[in-house]
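Accompanying notes for the structure given below.
Just follow the structure's listing: the first ligand is 1, and inside any ligand the first atom is 1.
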Amino acid sequence: MGYGVAQKIISAHLVAGEMKTGGEIGLKIDQTLTQDATGTMAYLEFEAMGIDRVKTELSVAYIDHNTLQTGFENADDHRFIRSVARKRGIVYSHPGNGICHQVHLERFSVPGKTLIGSDSHTPTCGGIGMLAMGAGGLDVAVAMGGGPYFINMPSIVNVVLTGELHAGVSAKDIILAILSRLSVKGGVDKILEYSGEALSKLSVPERATITNMGAELGATASIFPSDTMTRQFLESQARGSAWVEITADPDAVYDEQFVLDLSQLEPLAAMPHMPDNVKAVREIGPIAINQVCIGSCTNSSFLDMMKTAAILKGKKVHDSVSLTISPGSRQVLNMLALNGALSDMISAGARILETACGPCIGMGQAPETGGVSLRTFNRNFKGRSGTPDAEIYLVSPETAAVSAISGVLTVPGEETAVNTISFPQKYITDDNLLELPLSPQEAHEAEIVYGPNIKPYPATDPLPEVVRATVAIKVGDNITTDHIMPAGASILPYRSNIPYLSGFCFRGVDKDFADRCTVCGAGIIVGGHNYGQGSSREHAALVPLYLGIKVVIAKSFSRIHAANLINAGILPLVFADEDDYERINGGDILELTELRAKLGHSDTLNIRDVSGNASYTLLCPFTDRQREILLAGGLLNYTKSNNND
Ligand code: MIC
Ligand code: SF4
C-alpha cells in the first residue's frame, strides 16, 4: 500500500504511536514559528522549562500582530521576544518584515519538513509541501525544547482539483467553495491533501491561500505535493537547494476523496459572520460597501498585490469606500515599490498599511457603525473587526479590488486583466530585517529583558480528587476563541498579562462572565459543537483557568483548543448524550468525585447535578499522556517534572 504526501512526511517524523486513524502519534518537529500575540506567553513558558537553547533545526519569532504601539506594552513584548530569541538560538523577524506565514513561506519553508507554530494559520506552508500545523504556545515551547508534537492521527482527505479557473475566479474562491461544502467543522482531525491536473496551473502562493484557510475548516493541516511549481518558487526565492520532490505514490490510499472541478466555480463570498456562510457574489448582489481591506496571511502575496494593482491602475477608489492594502511582507512591498505597482495603488486612492496583520485582528481600521467591509482575510467572526455590528464579507483580491472602485459588491470578470501577470524570476531576497541569534558563547552573557506588563504564566495545582463547581456560562455551537478571549487593538497589548486580560473573557457574549466567575470560585463552561474553533491562542484556556474554570463540557471541541485546555489543566469533557446539554443550565452546581482515580483509567466520568439531583455521563477519551498532563495540573507541570526525573 502506497503513501500520500502527508503520510510520507508523518512516517518520516513518527517518534511515538502508530499511523492508525484516531490514535495518538508523536511527531518530531523540524521548525517552529511564533508571532508576537502568542509569542510572549510561549517564550515565558519556554523560559520556565529551563532549557538553554532551542533544539529544532530552525525556530523563528515573528513580530506581526501587535504592531500598533499606542503604549509601551507591545514594544516591551517585542523587546522581550527579541532578547529571548538572541539568547536561545531563535531567528528574530523584526516588525516591518511581514506576516509570519507569508515570510515563512518565502524565506524558510522546506518541502517534507514539519513545522508547528503558535498561530492557527501555520498550515499555510502546506502550500509548499510541509506538514505545517497550528498549536498552542506551550506545545510550541515543548517542541523548541526538542519534545515531540502529539496529535491524533488524522484521516486523510484527497481533494482532486480538475478543470481550469475562469477569469476573475481565483484560489480564494477554491477554498471558499470547499468551506461551503465541508463547513467550519468539516476538517476537524483531518488533513486535506490536494492533487489533480489543475495543480499544474496553481502557483505556490495560490496553493498557500488554500492551505491557509484550511484552518477555517478546523483541519489539522492541508498539503500540496512538492513538484516543479514548488521548485520554481524556491528557485525564484534563491532557495532552489531546499527543493525535494514529494508526490503521492500511485497506489496511495486515502480515507476520503472528492473532486472539485475548478471550471464550475464563480466568485464567492463568505457572508457575515462565519467563513462557511458562503454564497456566490452574483447572488448576493450589488450591496453598498464602506470599506475594502486587501491583505492578511491569506491574500497578501506578490501575485495578489499585483492583481490588485492591475485592477486599480488608472482608476479611482469610490468616494464611499475606504480601501486599505497591507502587503504580506517587506519583500512584496519592496517589489511593488520597485516595479511601480505601489504607485498605481496610491494613485487610485488606496491607504497603504504596514506589512502586518493589521485590520485582520482588529489592530486598527475598525469599520464604521453598521459598516459593510469586504476583506480578503480568512475570518469574519462577529466583532473581530473591532466594530460589533459591522458586516464582514470574505472575498478574493479580484472581487475586493473591483468592488472598491464601483462602491458596491461586484463580480470580477474578464476586465480584471489579471491573468497576464507573470511570476517574477527572482524575488528580492535581502533579509535585512531578519536577525540571527547570538552564538552560544555570546548568548551566555545576554540578558532577557522583561517589561512591567509581562506577568508570569499562571501557576496551576495538580488535579484535585473532587471538583464541585458552578456552571458559569452556557453557550451554543461554533463558539470561537474570539468569543472566549477577544482580540483587537485595545486588548492585544495585554497578551502577556493574564490577570488583566481576564476581565475581557466572553465580553461580547456575556459581559458579566468574569465577575460571575469571581463569585463562583470554581466554574464550569458548557458549550455546543466545535467549541473553541478558530485561533490557536492559548489565552482562551489560560484566562478561564485564571478565572477558576475547572471543566468545559461540550458536544464537541476544536482540535487546538481541546489541546490548549488539557495543557492548562482544564478538563475538556464531551456529552455522552447530547440531549443532556438541554438539561444543564447556567448556575447549576455540578460535582465530580474520585476524579484522580477515575481519570487514571476510565473513558467516562459521571457528573452529579447537586442542585437538581441528576447525573450525566461525560466522555473523557484522553490518551495516557493527556491523563498524566491533567493529573499534573497541566503540561508545564508535567514537562518540568519529566525534565527533573
Ligand atoms: C487569528 O487570526 O485569530 C490570530 C490572531 O492570528 C490567532 C493567534 C492569536 O490569537 O494570537 C490565530 O489564528 O491563532
Ligand atoms: Fe494575522 Fe490575520 Fe493571519 Fe491571524 S489570520 S495570522 S491575525 S493575518
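- Annotation for ligand 1: atoms under 4.0 Å from non-hydrogen atoms of R537 are 1 (C), 3 (O), 5 (C), 9 (C), 10 (O).
- Taking CD from E106 and OH from Y427, the interatomic distance works out to 7.5 Å, rounded to the nearest 0.5 Å.
- Interface atoms of ligand 1 facing A37, defined by a heavy-atom separation under 4.0 Å, are 11 (O).
- Taking the six-membered ring for Trp and thresholds of 30 and 60 degrees, Y500 and F504 have ring planes inclined between 30 and 60 degrees apart.
- If you number the atoms of ligand 1 from 1 as listed, the ones under 4.0 Å from a heavy atom of I361 come out as 5 (C).
- Atoms of ligand 1 lying under 4.0 Å from any heavy atom of H65, numbered from 1 in the order shown and given with element: 4 (C), 5 (C), 6 (O).
- H13 and D30 are linked by a side-chain donor-acceptor pair at a separation below 3.5 angstrom, with hydrogens and angles left out of the test.
- Of the protein's non-hydrogen atoms, S535 CB, 3.1 Å is the one closest to atom 12 (C) of ligand 1.
- To the nearest 0.5 Å, atoms CZ (F46) and OG (S59) are separated by 8.0 Å.
- Looking only at heavy atoms of the protein, atom 8 (C) of ligand 1 is closest to Q35 NE2, 3.1 Å.
- Aromatic ring centres of H529 and Y531 lie farther apart than the 6.0 Å criterion allows.
- Proximity to R495 (heavy-atom distance under 4.0 Å) selects the following atoms of ligand 1: 9 (C), 10 (O), 11 (O).
- Annotation: the span from H539 atom NE2 to L542 atom CG amounts to 6.5 Å, rounded to 0.5 Å.
- When heavy-atom distances to ligand 2 are checked against 4.0 Å, the residues falling inside are H65, H101, D119, H121, S296, C297, C357, C360, I361, N378, R384, ordered by chain and number.
- The CG atom of D139 sits 5.5 Å away from the OH atom of Y149 when rounded to the nearest 0.5 Å.
- Which parts of ligand 1 touch R379 is read off a 4.0 Å heavy-atom cut-off, strictly below it: atoms 1 (C), 2 (O), 3 (O), 12 (C), 13 (O).
- Scanning the protein heavy atoms around atom 2 (O) of ligand 1, the nearest turns out to be R384 NH2, 2.8 Å.
- Close contacts between ligand 1 and D119 involve ligand atoms 4 (C), 6 (O), 7 (C), 8 (C), 12 (C), 13 (O), 14 (O) [criterion: under 4.0 Å to a heavy atom].
- Neither side chain, H101 nor N212, offers a donor N or O lying under 3.5 Å from an acceptor on the other.
- Side-chain atoms of H94 and E435 form a donor-acceptor pair, as typed in the model, at a separation below 3.5 Å.
- The ligand atoms of ligand 1 that sit less than 4.0 angstrom from a heavy atom of T38 are 9 (C), 11 (O).
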- Task: For salt bridge (Lys or Arg N to Asp or Glu O under 4.0 Å), just list the numbers for D189 and R559, CA-CA rounded to whole Å, side-chain angles, deciding distance to a tenth of an Å, and then say yes or no.
- Result: CA-CA 7 Å; D189 286 330; R559 178 187 72 89; 5.4 Å; no

- Task: Show your reasoning for whether salt bridge (Lys or Arg N to Asp or Glu O under 4.0 Å) applies to D477 and K185.
- Result: CA-CA 10 Å; D477 289 345; K185 50 181 192 298; 5.8 Å; no

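- Distances from atom 13 (O) of ligand 1 to the heavy atoms of S120, C360, S536, C100 put S120 nearest.
- No side-chain donor from either of H121 and T124 sits under 3.5 Å from a side-chain acceptor of the other.
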